[in-house]
Structure formats: C-alpha cells, structure tokens
Peer 1: 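Got a structure for you, written out below as structure tokens; questions coming shortly.
Predicted model only: the values in this text are computed from it and were never measured.
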There are 2 protein chains.
Amino acid sequence: MLSGKMSDQYKEELKKRGFRLTSQREIIIRTLIENSGKHCSVNDLRELAQAEDPTIGIATIYRTVNLLSRLGLLNLVNMEEGFYRFELPGQKMHFHLYCRICGKVIHMEDETDKEATVKKWVEEEAFHFLPQTLEIAAVCDECHRNFPENNIAGPPCSGFGHGRMGGHGRGQGGRGRWR
Amino acid sequence: MLSGKMSDQYKEELKKRGFRLTSQREIIIRTLIENSGKHCSVNDLRELAQAEDPTIGIATIYRTVNLLSRLGLLNLVNMEEGFYRFELPGQKMHFHLYCRICGKVIHMEDETDKEATVKKWVEEEAFHFLPQTLEIAAVCDECHRNFPENNIAGPPCSGFGHGRMGGHGRGQGGRGRWR
DNA sequence: GTTCTTGCAAACCTTTTGCAAGCAC
DNA sequence: GTGCTTGCAAAAGGTTTGCAAGAAC
C-alpha cells in the first residue's frame, strides 16, 4: 500500500545519512504516515505508537521527531496550543484562518490557488518551496460585531487569548533573535 | 509624540472594558509601543519594563500580555523558539521566510503587495483582516544544494530542527483539535 | 566490538496560579 | 470600602538530557 512505499522512502533517507533503523523509528514513521491527515501532536503520536509497542518512551518520540524535523522530513504546525503538531512535507498546503478573539478555526478555500501564490513568493526569494500549513489570524464577523462593547475577558485573564505560549528544555542553537 | 497617542488609545480601550489602569500596565503598554518594531518576547519585555520599575513581576507581564492579547490589542508571533514574541496589530504585515534546515530567516520583499493578497483571502472568508507577521518555512538554496549528501544533524539530535516546542501551564479553553 | 539508540528519571524552562497585601476607583 | 491587581513563590506541564543498558551494523 501507499504507506509502505512512503515509509521506505523515509527509511532510506535515514540510512543514507548514517542513522540506524530501529523498530521504534519504524513505528513512529509509519504512525506519522498513516495519520498524515491529522496533524498529530507528540501525545497523539505517543498513544498511537505505544499501541504497537508499549515500551516506546516519550523521549524516543521527541528524539525521532526532532531528527526527522532536522532532516527536513517533518513540518511543525503551530496551533497556538502550547505545543506543536506535525505534518509531512511534500503534500498539499493547507490554510487555516483563526479568530483572534474566540479561537474559531476554519479551513480556507482555493488552497491550490493560494499554494501557487505562496510558491511564487518563496521562489522569488530563491528559496525552495515546501508545502506546509499556514495559520492566519483574523477576527471573525461575529466577534467583530460584538467587539468593543463587550468585555470579552473576565479578569483575571490568562491563556494568551486562546492559545498558550511555550516552555521548553535547555535551549541551544535557535534561530537568533529579531531581524 | 506618537507613542503617547498610541498608549492613550490602549489605555482608553482598557478603561472602556472595565479594566483598571495601573502603573504596571502603563509601563508594559508603553514598552510594547516603543519597541513595536522588535518583536519582543516576555523576557525582553521584562527587562525593559523592569528598567523603569524593578518591582514589576514576571507574572504581571504575563497577565498583562494575556489581557492585551484577549482584547485583540496584541498579536503573537511564533518564531519556533519555544516561546512567543509580540507585535502590535494595526501595522503593516511582515513576511518572514525561514530555512527549515539551517534556520536562516529573511524578510520578504513586496510586503505591501503580499499584504493585499492576504487581506483578500481573509475577507473572502468573511473574516476581518488583522495585520500580522507570517512565517513561511522553506529550504534555502545553500541547504538545498548540500542536502541529501550531508548528514545535517549529528546525533543525538534535538531541538526540533532549530526551533523548540512549547510547554505551558494548566490548559483551559484552547482552539480544539484538528479539523 | 564499536557506536548509535533507547528508557528512565531528573532537570529545564516558560507559563500559570494561589494567596495575602496593595491599589484603583 | 470593594474588589480588581500585584508580587511572590510554588505548581504545572511540555521538552530535553545524563546515564547505563541494549540494539544496529
């Protein structure tokens, strides 16, 4: 089946770069591929992977996802939930539009046209295009109508709107600041 | 000066919705406005605000930023660093293009044209447009040339590429999952 | 046999929260 | 005076890491 092919591709990529093929990595990759429509989080991945091998540890999930990410084999999707979700690159782009006030998310129309536009933008900068999910913030009509009259946040406020921010372990690398 | 006007606007917005004007909130708002080109993080904000009033606590920064965010007065920018940065809405959009492999970030050209395109997309969905920074992932030419031959990540890999993921306190609300 | 990987548990770090004191109105 | 806000310190919770045991090659 399709996912067999896909996962072979991933495994070859790993091998080619000198990484070992462990059963854990196989399971995680397969899980990622079989659930590629779902934007799995680390926790989703853990549950799915542990259904196949309950001994897989969370650290292995993180390390594998990190590895695939660094190899360019996995995209991060930020839903402003306080953690990332994943998607395989090399598929169609998706466009999410979410309301800054109430948090509602919709899938935008005409993704193919929009993808072509983004691709053009990227290539104009001499970068190589990578299909991904783009999240655009806006205000839905309902919230816009109710807006300045209503007190939309009963104090004490928290949660950065609907999203949350991120903590993480010891930093290193990173993409530099500003500019 | 300009920032005086801006901050009056913010203060009025707070008052109008029944929130109190404290000296801490004033400082944080002023700092945000005076550094609006810089995409400050909570830590940047803390340093800047504490230069004016060393007793301001980090919790107040978070609570204020949360409040402004819920009121639609502040946008979150995710640089995949493991925490958010902030920007004031109501300004020009910015477009960042970053390399998925090496993490390099560039500012894209023709932001005005691109902004018009995004505005059109948003309004086609009957949402109200909000200027913001959009981050687009891609692969830079250099990394693309070096790509499959090089082992770009010496094991053990970590850091989700160059970015990091997020942890957070107790959740609540949220934007739902998938779909 | 050597070197990379894993699992566990502890460490990290950002963000949130409980609570008593303080301040805005 | 009432009740929102603040600061502190502790808790929360996602992610990373040190290390010894195990697996891939």
Side-chain angles (χ1 to χ4, degrees), chain A residues 11 14-15 17-28 41-46 49-50 53-67 69 76 78-85 151 153-161 163-174, chain B residues 11 14-15 17-28 41-46 49-50 53-67 69 76 78 80-86 151 153-161 163-174:
Chain A
K11 290 190 233 165
L14 279 189
K15 219 186 233 168
R17 316 218 185 158
F19 295 104
R20 293 184 179 171
L21 253 62
T22 63
S23 65
Q24 292 91 336
R25 287 180 177 166
E26 278 199 65
I27 289 173
I28 293 169
S41 66
V42 166
N43 249 304
D44 299 330
L45 260 186
R46 184 179 51 72
Q50 288 185 345
D53 175 359
T55 71
I56 289 188
I58 191 76
T60 299
I61 311 265
Y62 276 104
R63 283 189 279 232
T64 302
V65 163
N66 268 328
L67 174 58
S69 174
L76 275 55
N78 175 33
M79 301 274 230
E80 292 189 9
E81 296 166 298
F83 50 85
Y84 285 100
R85 296 181 176 282
N151 186 339
C157 297
S158 60
F160 266 15
R164 265 88 83 220
M165 302 172 73
H168 61 88
R170 199 173 290 122
Q172 122 276 43
Chain B
K11 290 189 233 163
L14 280 188
K15 218 185 232 170
R17 314 214 188 162
F19 296 105
R20 294 186 179 169
L21 252 61
T22 64
S23 66
Q24 293 90 336
R25 285 180 178 167
E26 277 199 66
I27 290 173
I28 294 168
S41 65
V42 166
N43 251 302
D44 299 329
L45 259 186
R46 184 179 51 71
Q50 288 185 345
D53 175 357
T55 71
I56 291 188
I58 191 76
T60 299
I61 311 263
Y62 276 104
R63 282 188 281 231
T64 301
V65 162
N66 268 329
L67 174 58
S69 173
L76 275 53
N78 176 33
E80 293 189 8
E81 297 165 296
F83 51 84
Y84 284 99
R85 296 179 175 281
F86 308 106
N151 188 338
C157 297
S158 60
F160 266 14
R164 267 87 84 226
M165 303 170 73
H168 61 86
R170 199 174 288 122
Q172 122 277 42

Peer 1: Within the side chain of A:R25, is there an N or O that forms a donor-acceptor pair under 3.5 Å with the backbone of A:R20?
Peer 2: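 Confirmed, A:R25 side chain pairs with A:R20 backbone.
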Peer 1: Who are the side chain to side chain contact (heavy atoms under 4.5 Å, CB included) partners of B:E26, not counting sequence neighbours?
Peer 2: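 By the side chain to side chain contact (heavy atoms under 4.5 Å, CB included) rule, B:E26 matches B:K11.
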Peer 1: Between P on C:dC8 and CD on A:Q50, what's the gap in Å once rounded to a whole number?
Peer 2: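 A:Q50 atom CD is separated from C:dC8 atom P by 9 Å.
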Peer 1: So, is A:Q24 near the phosphate of C:dG7, with a side-chain N or O under 4.0 Å from OP1 or OP2?
Peer 2: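 A:Q24 to C:dG7 OP1/OP2: side-chain N or O found under 4.0 Å.
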Peer 1: Assess, by modelled atom type and distance only, whether the side chains of B:N43 and B:R46 contain a donor and an acceptor separated by less than 3.5 Å.
Peer 2: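 B:N43 vs B:R46: donor-acceptor pair found between side chains.
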Peer 1: Would a 4.5 Å heavy-atom cut-off, applied to side chains only, mark B:T64 and B:F19 as touching?
Peer 2: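 When only atoms from C-beta onward are counted, B:F19 and B:T64 do not touch, as no gap falls below 4.5 Å.
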Peer 1: Give the B/S/- string for nucleotides 20-25 of chain D, one per nucleotide from 5' to 3', where a protein heavy atom under 4.0 Å of the base yields B, of only the sugar-phosphate yields S, and otherwise -.
Peer 2: ---BBS
Peer 1: Just the rounded figure in Å: distance from P of C:dC13 to CZ of B:R46.
Peer 2: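 Rounded to whole Å, this separation is 13 Å.
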Peer 1: Rounded to the nearest angstrom, tell me the gap between atom CZ in A:F83 and atom P in D:dT16.
Peer 2: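 Taking atom P of D:dT16 as the reference, CZ of A:F83 is at 14 Å.
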Peer 1: Find out whether B:F83 and B:V42 are in side-chain contact, i.e. whether some heavy atom of one side chain is under 4.5 Å from a heavy atom of the other.
Peer 2: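 Contact flag for B:F83/B:V42 side chains = no.
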Peer 1: Separation of B:R63 atom CZ from D:dC8 atom P, in whole Å?
Peer 2: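 Whole-Å distance recorded here is 11 Å.
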Peer 1: Identify, between A:I58 and A:T64, the residue whose nearest nucleotide on DNA chain C lies closer to the 5' end.
Peer 2: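 Taking each residue's closest nucleotide, the earlier one in sequence belongs to A:T64.
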Peer 1: Separation of A:N43 atom CG from D:dG14 atom C1', in whole Å?
Peer 2: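 In whole Å, D:dG14 C1' and A:N43 CG are 9 Å from each other.
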Peer 1: Given D:dT5, is OP1 or OP2 found less than 4.0 Å from the side-chain N or O atoms of B:R25?
Peer 2: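 Result: yes.
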Peer 1: Given atom CD1 of B:I56 and atom C1' of C:dC23, what is their separation to the nearest angstrom?
Peer 2: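 To the nearest whole Å, that distance equals 14 Å.
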Peer 1: Find the distance between CD1 (B:I61) and CG (B:D44) and round it off to the nearest 0.5 Å.
Peer 2: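 The CD1 atom of B:I61 sits 10.5 Å away from the CG atom of B:D44.
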Peer 1: Working to the nearest 0.5 angstrom, can you tell me the gap between B:L45 CG and B:I27 CD1?
Peer 2: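 One gets 12.0 Å once the value is rounded to the nearest 0.5 Å.
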Peer 1: Mind calculating the distance between CD1 (B:I61) and P (D:dG7) to the nearest angstrom?
Peer 2: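 Rounding to the nearest Å, CD1 of B:I61 and P of D:dG7 are 8 Å apart.
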Peer 1: I need the CD-P distance between A:E26 and C:dT5, as an integer number of Å.
Peer 2: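 Between P of C:dT5 and CD of A:E26: 14 Å.
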